[in-house]
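Right, one structure below, let's go through it.
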Amino acid sequence: MVGWFDPAQLLSTGAQTLASLVVGQRADPRIVQAATARATELHDYTVHYADSPAGPRPDRERPRAEIWIDYVCDTGDGWNSVYAVAHTAAQPVLELADPAGRRYVTARGDLLVFGGDEIYPTPSREAYQRRLVAPYEAAFGDAHPEDAPHVFAIPGNHDWYDGLSAFSRLFCSAIGGRWFAGWATRQSRSYFALKLPGGWWLLGSDAQLQSDLDTPQLEYFRDVAERYMRPGDRVILCLSKPVWIYAHKYRELGGVFDETDLVYLRERVLAPQGVQVAVLLSGDLHHYRRHEEVSADSGQPPVQKITAGGGGAFLHPTHDEDVARIVEEAPGTDAPPRAFELKTVYPDLRRSWRLSLGNLLFGLKNPKFGIVPALLYLLTGWIVWSTIGGQQPSRALEALRLTGLAFALQPGVALWMIGMAALFLVFTDTHSTTYRVIAGLAHAVAHWTGIFWVGWAAAIVAGWLLPGQPFARFVLSAAVLFAGGWIVGSAVMGLYLLISLNVFGRHGEQAFAALRIQDFKNFLRLHIASDGSLTIYPVKIERVPRRWRDRVAGEPTPSRVVPDEPLRAELIEPPIVVPGRPRAGHPRGQPSSSRQPRS
């Protein structure tokens with residue numbers, strides 16, 4: 001797993017994030033993609049495809065009555081987690097049991113859709129090959145299906161850190177062949193429209209780094225809707241971020257998260273054609289949450305909003321914010337805003353809370369991070385020690401008096417401490433100035449307290465062991481202060497993250513990134529049946545294997561690498577069913593329940 005708190009990784013990711021934000025606002029490759037496109041790109045999966053040297057070609061003589069789709073988000077972190085999902089999704093047949101013990105037989109997706117953040121921590125051709133392509137190649141193995149499955153991908157913020165260069169080469173270009181492992185690639189833009197059986201569509205959108213759908217992308221979807229969609233068609237909309245969660249969270253914190261692009265796409269582009277967005281899918285948050293519309297329009301099944309970001313990245317908490325009920329912004333019409341209730345969450349809130357306690361072992365889980373507080377403690381202690389002339393106080397009150405004297409004698413000490421406080425203020429996860437000041441200063445004071453006690457202890461130990469040897473005493477006290485800063489500073493950071501998450505609901509991402517949890521993976525398997533109904537199977541892998549081996553002859557799997565310990569895939573909840581459109585002469589009314597299992 002990526003060491004998110006390793007100092008080198010922090011510097012590299014921070015630099016790339018800053019650069020991408022600056023460049024991304026001024027150079028948008030989506031504009032170039034749209035300008036070079038010769039026509040509106042539409043991928044029709046109401047028919048089968050035949051492989052040819054020039055790529056897949058639609059076979060109009062073989063219409064599809066049904067289709068399977070695998071939806072995987074947030075991959076490319078660590079081998080165990082990524083490969084566990086890839087291996088599970090690549091099996092030709094997968095039998096799954098729901099919590100009640102009912103069993104369902106599912107098939108590998110005819111389509112594989114990556115829903116964002118295909119690579120961590122930052123993109124490059126080598127990183128995609130090592131962290132994404134190689135695991136999926138090994139998982140697909142030597143399978144030879146009659147029809148090769150196809151793959152589509154939308155980028156997340158991590159895919160954007162190089163300006164979408166490596167992503168475009170892998171998924172949108174013919175360079176190196178139109179293949180991703182055993183799946184054929186077809187898209188030429190970072191967004192796409194897939195026509196599916198039963199009056200269904202799957203739209204993949206690219207919101208870049210600014211959560212913004214650019215004008216050419218909106219016009220692309222408008223052209224698809226006006227030319228190809230029909231009244232009564234329904235859409236599965238794939239987003240790189242669960243905007244419904246972020247909008248709710250920002251609103252609760254007094255901030256603003258703009259979701260007008262999504263509302264515009266739904267209300268101004270699709271709705272005028274009589275097309276409904278029935279299901280919204282997203283990743284970005286590395287857990288599973290399903291929200292269901294509270295009171296759907298008459299005759300329509302409730303809209304589903306599903307976050308399923310468990311494709312391989314570290315786990316995110318589920319107890320960090322209260323999203324039991326979320327309300328959309330009003331679409332600017334007379335219609336009231338729509339409300340959604342949380343139906344299922346994985347892992348559950350209690351387990352998520354228990355997992356967060358791992359931050360008490362922050363230093364053991366992130367040993368390399370210790371060099372950061374170690375240097376901070378050493379430099380601060382050195383500055384204060386040199387200001388007071390290297391005096392060795394024997395009592396705590398005397399040490400406190402000399403520390404205060406250092407501030408009075410040397411303004412540089414005060415400036416150094418102000419600079420430290422500023423760093424902690426910037427690190428604080430909040431949109432409230434008041435909270436930032438209070439929490440940031442509290443974090444800084446905790447470290448200052450640690451520096452004081454560790455520094456004084458270092459002086460006492462050095463003076464006791466090496467009396468009358470000033471230089472040796474200085475070296476020893478510096479070593480003790482460095483080691484103490486490594487241990488105490490890491491412990492303070494872990495405690496700060498734990499309290500911030502469990503008491504104030506902040507720093508959820510940082511607190512769980514520090515834990516680097518490989519387990520609790522998930523992905524979605526979708527099935528559109530011949531009657532036009534959509535069934536969503538939320539698949540979980542509670543624990544991913546840590547040991548793997550090469551496949552031996554005779555094993556019933558095409559994968560070249562297989563688990564050397566149990567790999568158990570189950571359903572998070574019973575399948576979610578969206579009924580098919582009513583046939584002519586039948587009333588539109590359908591049961592509003594979306595929890596109708598199909599065996």
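Only a predicted model underlies this, so the values are computations on that prediction, with no experimental measurement involved.
The side-chain tip of Lys540 does not point at the ring of Tyr288 from less than 6.0 angstrom away and within 45° of straight on.
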Please list every donor-acceptor pair under 3.5 Å in which a side-chain atom of residues 457-468 meets a protein atom from a residue at least two apart or in another chain.
none

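Under the rule for a side chain to side chain donor-acceptor pair (under 3.5 Å), Asp348 has no partner lying at least two apart in sequence or in another chain. The ring pair (Phe, Tyr, Trp, His ring centres under 6.0 Å) search around Trp416 returns none, not counting sequence neighbours. Asp284 pairs by the salt bridge (charged side-chain N to carboxylate O under 4.0 Å, His left out) definition with nothing, not counting sequence neighbours. Judged as a ring pair (Phe, Tyr, Trp, His ring centres under 6.0 Å), and not counting sequence neighbours, the contacts of Tyr83 are Trp79, His87, Trp548.
Between Tyr71 and Ile306 there is no side-chain heavy-atom pair separated by less than 4.5 Å. Counting heavy atoms from C-beta outward, His286 and Phe512 have side chains that stay 4.5 Å or more apart.
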Legend entry - Steps toward ring pair (Phe, Tyr, Trp, His ring centres under 6.0 Å) verdict (Phe482, Trp382): CA-CA 10 Å; Phe482 186 87; Trp382 191 357; over 10 Å; no
Inset, instruction - Kindly indicate, with the supporting measurements, whether the criterion side-chain contact (heavy atoms from CB on, under 4.5 Å) is fulfilled by Gln510 and Ser500. - result: CA-CA 10 Å; Gln510 291 81 10; Ser500 296; over 6 Å; no
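A salt bridge links Arg289 to Glu321: one of the charged nitrogens lies within less than 4.0 Å of a carboxylate oxygen.
Residue pairs meeting the side-chain hydrogen bond (donor to acceptor under 3.5 Å, both in side chains) criterion with at least one member in residues 357-374: none, sequence neighbours excluded.
Inspection of the Tyr496 and His507 side chains reveals an N or O donor paired with an N or O acceptor under 3.5 Å.
In this structure, the ring of Phe167 has its center no less than 6.0 angstrom from the ring center of Phe114.
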